[in-house]
Amino acid sequence: METPPICDYEGSDYQQRFWEAGGREYEDAAEEVALRRLLPPSGKILLELGAGAGRNTPRYAGYHRVVLVDYSRSQLEKAQEHLGQGSGFTYVAADVYRLPFVGGLFDGATMIRTLHHMADARRALAGVRRVMQKDGVFILEYANKQNLKAVLRFMVGRQRWSPFTPEPVEFTALNFDFHPATVRRWLRASGFGVERQLTVSHFRMGLIKRNLPLGLLVWMDSLAQLSGDLWQLSPSVFVRCRAMGASDPVEGNAFFCCPACGHSPLADTPPLISCPSCHSSYPVEGGIYDFRVNSH
Ligand SMILES: [Zn+2]
């Protein structure tokens, strides 16, 4: 099957530019509040999709093991610098459309500021469901096209696309905003139950951010988040989903599967992991498993 185009942060200074120097303390703190409200405080093995440089990873400290997945190897190297190579972390460069894990492996998963870059979001969500245990919890964040600013701009004729229609809007290349009803429909079709929604970053406007103290902004946002099940008009929405129905049983210590053909178990022969079925091989370098199918 053809893979949709991928937004690759290879070599990007995103973490430094956007988060550390970009005046995003408010957004970061508002996300922390939402995550604390939605994610069970402890668990066995959590999949962090689009982990980037590991900004959120310390928030998953109650999990026995965290598997960080990103398409960009250089982002994972930054995460390693930040978090260390401790036994609790596994670093995997992989394509979200071909996750290299056996089915039913994870009891927790998060995907934050990542769906935003998915040309085929529905397919990505179905892939997440495949690797989750029954009753596992998946926290999804997505960018909401029906946000208050887009609604107002549309109503006064300063924006051509409608915030009310179900299709995603690609406002720049490989950057998508989604309609909340569409995301809920995709989640349900993928085998997730939608348990709770929080609206986040209500006050993401330069004028407000410059003139109100950070603590007050975060407090106001944490209150406004609670109406997330009633309406969604914020630029960011967090959803807690539960994996419904049956999941594949995990056999023995099986962990990785071949992203090219789906076979498991793979032969672990450092510095390569190889597939006995289709003979693809995947390098393991500097503590990073590289399962990107088209990159080597
Ligand atoms: Zn294979």
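Atoms within a ligand are numbered from 1 in the order they appear, just like the ligands themselves.
- Seen from the ring of Y71, R292 counts as a face-on cation partner, given the 6.0 Å and 45° thresholds.
- With E195 contributing its side chain and C241 its backbone, the two residues share no donor-acceptor pair below 3.5 Å.
- For the Zn ion (ligand 1), the count of nearby protein N, O or S atoms, meaning those under 2.8 Å away, is 4.
- Salt-bridge check for E27 with R204: passed, with a basic side-chain N closer than 4.0 Å to an acidic carboxylate O.
- Of the N and O atoms on the side chains of R129 and S247, at least one donor lies less than 3.5 Å from an acceptor on the other residue.
- The line from NE2 of H202 to CG of L233 is 8.0 Å long, rounded to the nearest 0.5 Å.
- Using a 4.5 Å heavy-atom cutoff, the side chains of P271 and E285 are not in contact.
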